[in-house]
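Any value given below was found using the heavy atoms of this structure, including those in side chains, with hydrogens, waters and symmetry copies removed. Quick note: residue numbers are just sequence positions, from 1.
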Amino acid sequence: MQEKELRLALVCFGGVSLAIYMHGVSKEILKLVRASKAFHTLPKGSRETISYADTEDAEKHPADSELIYFELIQELSKHIELRVIVDVIAGASAGGMNGIMLARALAHDLRLSHFRDLWLKQADVSKLLDRSKRASPWSKWFMRPLLWLASRSKLGRLLADPEIREKVSLFTRSRWFEPPFDGTHLARKFLQGLEAMGDPAEPGASLMPAGLQLDLFVTVTDFYGYLQHIPIHDPPFVRDREHRHMLKFQYRRWQDGEEISDFTKLDAPALAFAGRATSAFPGAFPPAQLSEIDALLAERGRQWESKDSFLKKNFGDYLGAGLDPSLTSFVDGGVLNNKPFASAMKAIRGRPAYRQVDRRLVYIDPAPIRPPPPPTGRIPGFFRTLKGALSDIPRNQPISDELIWVSRFNERVRHLRGIIDATQPQISRLVSEHAPEGRDGPLNEDQIRAWRLAASARAAQDAGFAYEGYIRLKLGAVQQFINRQIEHISELRENSIESAWIAQVITRWATVRQVCATAPSYARTTLASNRDELPPWVRFLLAFDVAFRQRRLRFLLQRLNTFYAKIGDPEHQGLEAVQLNQLKRLLYGELETLRRFDTGGFVSIDTASRIRQLFRRSIQPMEPAKLAQDAAEFADAHLHEIDAIVDGLNADIALNATTNRLDALLATLHPDDWSGVARRDILESYIGFAFWDVLTFTITNWRDLGEFNEIRIDRISPEDARAIRDANTLKGINFGRFGAFFSRPHRENDYLWGRLHGVERLIDIVCDSGLDGTDAPRLDRRALKYRAFEIILAAEARHLRHSAPLIEELRAEIAALREAAGLSQHKPGKAG
């Protein structure tokens, strides 16, 4: 049966008190992923009959909407085995806080339930106000009549509520011209909440599949910023101040059980700082500092054990510039990056996929932009202009650039697929001309190696004038690879003056040794020649062209993906998903080895020592105007030392060993175990990759395309979830999105609607993915949604004591909708 992964990359916008709505959505996302994992953990023979209530997961975690998600995935499994995974989360401000909670829960299979109480009880003006700035009964008594007048205006409906009127009065009469809310109190409660999530129920417990990484990105804004040097023509560098900053956290577990995690209980202080900093709304909360977390831990007689690791991972640029991040201050991440699409999209690229993937970028937007009123010609006033320029406009930056980028990315994917499909017959013929005798029978690795080298030489011969441009691009990329290794070992900041100097040193060395991209000409060279007789530039590529090997593996993986849809076809008799999955897993193991080379993790102690001795001691303050001259003189004086470093890197990377392993791996594809057509395609894709690479490398960036999966974008917002009410249902949008902080009923309202909207949209997304391109009878989504709504209302009724009337209204509305649709009260049924 066909298998598919529905992979969700989440982007969570800022929204102040609308964080409570987003918490409801986040809880539904967690429940969907948990239900999916529970289903696929079951033995295949029992999946069709068992319910979620009978699974081990249900014993660990009280269930409600998991029942519906499990049943939906179970129904879809009659046609396709769909797995749901969240592997990327990017959040800003309120979205950042929710992203942190969700990521920790996903990484270690933990619950979010107690955060409901944290939001409902602690996200209140009376709790958030700094006690030293809280109003006394007679503070600013003159505000009381003004509030009375306000109650007679458009705000009258809101201020008619005694709780809201009392808390607005408390808020407006508290100390002015200082942030009214207590940032330390927020950090304390958030830290307590993260720690209360506990530890995994058992070692290695996670909702992430082995081998797949979970990435969390949280935006913050450095109030002071730090200087960076940007290369230009004249002067060679200019200085710029960077205020945007991204905090990054990762989780990954390997097949053998080893895991790396930034989401353990020991990491809670770092996560709490990220939550505190990203939500430090200017004017409402004071800026955040790392010392706040140190002080909170000191209250309990503890230390921040993982602080050094956190700083090294997230503030390398600061440390490299000699700055102490503990001395700076951070404000709300939404000030400059309230919609962090770019980080999520960058993390998506090149992800391993052991089966067919439906990649979705899902963004949670609790308050979508409404069409602005048409301009009237009236010039905005002084305070309105300041507010718009300093707050509203920066926080509401458009997402059009990111959405257009995704659209163009998908166009490039389709374009590249078209090129590959169109050239497939011709390249297959060229590859076949050099095939060993009896290629449809068993092959050994020597035969595959000889075949591969002959096909590569033919690609160079047939490429014509395009070959020289192709080689120049590759040599430039390899030179950058060498630069990165030296920068990494020398602990230099990217784009610093020192890193630019090293790049110019290596460029000079490459020119002298005739391996640079600006050499006069590249004669045709057969790759089957004796290695010692090859020109220097060829040996240089063979030793260091990691990117070529990565592209070849990704291309091979993409070709494997095309066979999932062909399982069961007459020409592919005997081909099964388990074969494809197993081969993909092995190929991804090799790709992971190649990725390690990008980070300098392969460099031996001896080579690293040579790099430090030559470059670290030589780097000194220099005048930008003399940069190129100093670099050339240094390279000329140390050519032999640089030769030794490059030879050491060559020995450490042992790049040919990875290619030899691939030759041996593909030799194990026995014709008795694979369909002839599939095996031939896989071998030809590997052997003939040089043809496709020459053809496409100059027109697209393969690293950006990953496995050539298109990205579909879905939104979760009140405007998209209209199964119950076709109206704006949120209360937190009032008072500039601070509204839910003034009323417990409003917080309960928004949290409940977050769950209801979340389950509705997730059912839509799962159905869309699971039924895409199949002839399966379409599920009646309405019936599933109504059952999910009823389950959620029943589960939350005892926790939302102020929302009893709303819950009863919703139950009555759902019953009326059921009756109007002619649906039974118990079974979802099917649509014709």
Side-chain angles (χ1 to χ4, degrees), residues 5 7-8 10 23 26-43 52-66 69-70 83-89 91 97-118 189-218 247-275 297 300 302 304-307 309-310 313 352:
E5 280 185 8
R7 287 198 184 172
L8 307 181
L10 304 178
H23 174 60
S26 299
K27 182 177 281 192
E28 287 307 310
I29 293 170
L30 178 64
K31 287 174 176 288
L32 169 60
V33 175
R34 180 169 287 134
S36 174
K37 180 177 182 291
F39 178 81
H40 289 285
T41 303
L42 295 171
Y52 181 81
D54 299 321
T55 66
E56 292 183 8
D57 285 73
E59 296 176 7
K60 302 174 192 172
H61 306 283
D64 43 62
S65 55
E66 291 96 333
Y69 296 130
F70 187 91
R83 304 179 186 220
V84 184
I85 296 166
V86 174
D87 62 343
V88 178
I89 303 173
M97 293 189 77
N98 279 287
I100 292 166
M101 302 173 204
L102 178 59
R104 175 153 156 71
L106 290 168
H108 295 295
D109 193 7
L110 303 173
R111 295 176 59 190
L112 286 176
S113 298
H114 63 280
F115 274 107
R116 170 184 52 216
D117 295 332
L118 184 145
K189 291 301 179 181
F190 195 48
L191 175 61
Q192 290 172 356
L194 290 166
E195 292 182 333
M197 295 176 77
D199 295 308
E202 55 191 37
S206 176
L207 293 176
M208 296 300 300
L212 187 62
Q213 183 168 293
L214 171 64
D215 282 303
L216 168 68
F217 302 93
V218 181
L247 302 177
K248 303 172 186 176
F249 304 86
Q250 295 179 337
Y251 172 84
R252 189 165 190 177
R253 176 169 52 92
W254 279 267
Q255 298 291 342
D256 61 5
E258 180 188 356
E259 64 179 4
I260 58 168
S261 178
D262 295 326
F263 299 101
T264 68
K265 206 169 178 180
L266 285 176
D267 297 302
L271 296 168
F273 170 75
L297 294 172
R300 308 189 211 175
R302 291 169 46 194
W304 187 347
E305 298 176 33
S306 61
K307 183 176 181 179
S309 173
F310 169 67
K313 287 179 183 177

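- To the nearest 0.5 Å, atoms NE2 (His23) and CE (Met97) are separated by 11.0 Å.
- Here Leu112 contributes atom CG and Leu118 contributes atom CG; the two are 11.5 Å apart, rounded to the nearest 0.5 Å.
- Judged by distance alone, the side chain of Asp57 and the main-chain N or O of Ala38 form no donor-acceptor pair under 3.5 Å.
- The structure places CG of Leu42 at 5.0 Å from CZ of Phe70, a figure rounded to the nearest 0.5 Å.
- Of the possible polar contacts, one joining the Asp267 side chain to the Thr264 backbone as a donor-acceptor pair under 3.5 Å is found.
- Residues forming a side-chain hydrogen bond (donor to acceptor under 3.5 Å, both in side chains) with Lys307 (at least two apart in sequence, or on another chain): Asp294.
- Taken from OG1 in Thr55 to CD in Glu66, the straight-line distance is 9.0 Å, to the nearest 0.5 Å.
- Side-chain contact between Met197 and Phe115 is present, with at least one heavy-atom pair separated by less than 4.5 Å.
- Atom CG in Asp87 sits 13.5 Å away from atom OH in Tyr251 (nearest 0.5 Å).
- Put simply, the residue from Lys31, Glu28, Lys27 that forms a side chain to side chain donor-acceptor pair (under 3.5 Å) with Ser65 is Glu28.
- Minimum interatomic distance between Arg253 and Ser206 (heavy atoms only, all atoms of both residues): NE-CB, 4.0 Å.
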Evaluate Glu5 against Arg83 for salt bridge (Lys or Arg N to Asp or Glu O under 4.0 Å), listing each step before the verdict. CA-CA 5 Å; Glu5 280 185 8; Arg83 304 179 186 220; 5.7 Å; no

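- Below 30°, between 30° and 60°, or above 60°: for Phe273 and Phe310 the angle between ring planes is above 60°, a perpendicular geometry.
- A donor-acceptor pair is defined here as one N or O able to donate and one able to accept, closer than 3.5 Å; no such pair exists between the side chain of Ser309 and the backbone of Ser306.
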Going through the checks in order, is the salt bridge (Lys or Arg N to Asp or Glu O under 4.0 Å) test met by Asp215 and Lys248? CA-CA 7 Å; Asp215 282 303; Lys248 303 172 186 176; over 6 Å; no

Carefully, step by step, assess Tyr69 and Val84 under the rule side-chain contact (heavy atoms from CB on, under 4.5 Å). CA-CA 10 Å; Tyr69 296 130; Val84 184; over 6 Å; no

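- The shortest side-chain heavy-atom distance between Pro200 and Asp109 does not fall under the 4.5 Å cut-off.
- Electrostatic pairing of Asp262 and Lys313 counts as a salt bridge here, judged by a charged N lying under 4.0 Å from a carboxylate O.
- Between Leu247 and Leu216 there is no side-chain heavy-atom pair separated by less than 4.5 Å.
- Shown here for Ile85 and Pro209, the closest heavy-atom pair between the two residues is CD1-CG, 3.6 Å.
- Taking CD of Glu259 as the reference point, atom CD of Gln250 lies at 13.5 Å (rounded to 0.5 Å).
- Counting only residues at least two apart or on different chains, the salt bridge (Lys or Arg N to Asp or Glu O under 4.0 Å) pairs with a member in residues 195-212 are Glu195-Arg300, Glu195-Arg302.
- With hydrogens and angles ignored, the 3.5 Å screen pairs no side-chain donor or acceptor of Ser36 with any backbone N or O of Leu32.
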Only distances under 3.5 Å count here; give the side-chain donor-acceptor pairs of residues 100-108 to other protein atoms, sequence neighbours excluded, each with its distance to 0.1 Å.
unit_1: Arg104; atom_1: NE; unit_2: Leu194; atom_2: O; d: 3.2
unit_1: Arg104; atom_1: NH1; unit_2: Phe263; atom_2: O; d: 2.5
unit_1: Arg104; atom_1: NH2; unit_2: Leu194; atom_2: O; d: 3.3
unit_1: Arg104; atom_1: NH2; unit_2: Gly198; atom_2: O; d: 2.6
unit_1: His108; atom_1: NE2; unit_2: Ser261; atom_2: OG; d: 2.8

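- The side-chain heavy atoms of Phe249 and Leu271, taken from C-beta on, include a pair separated by under 4.5 Å.
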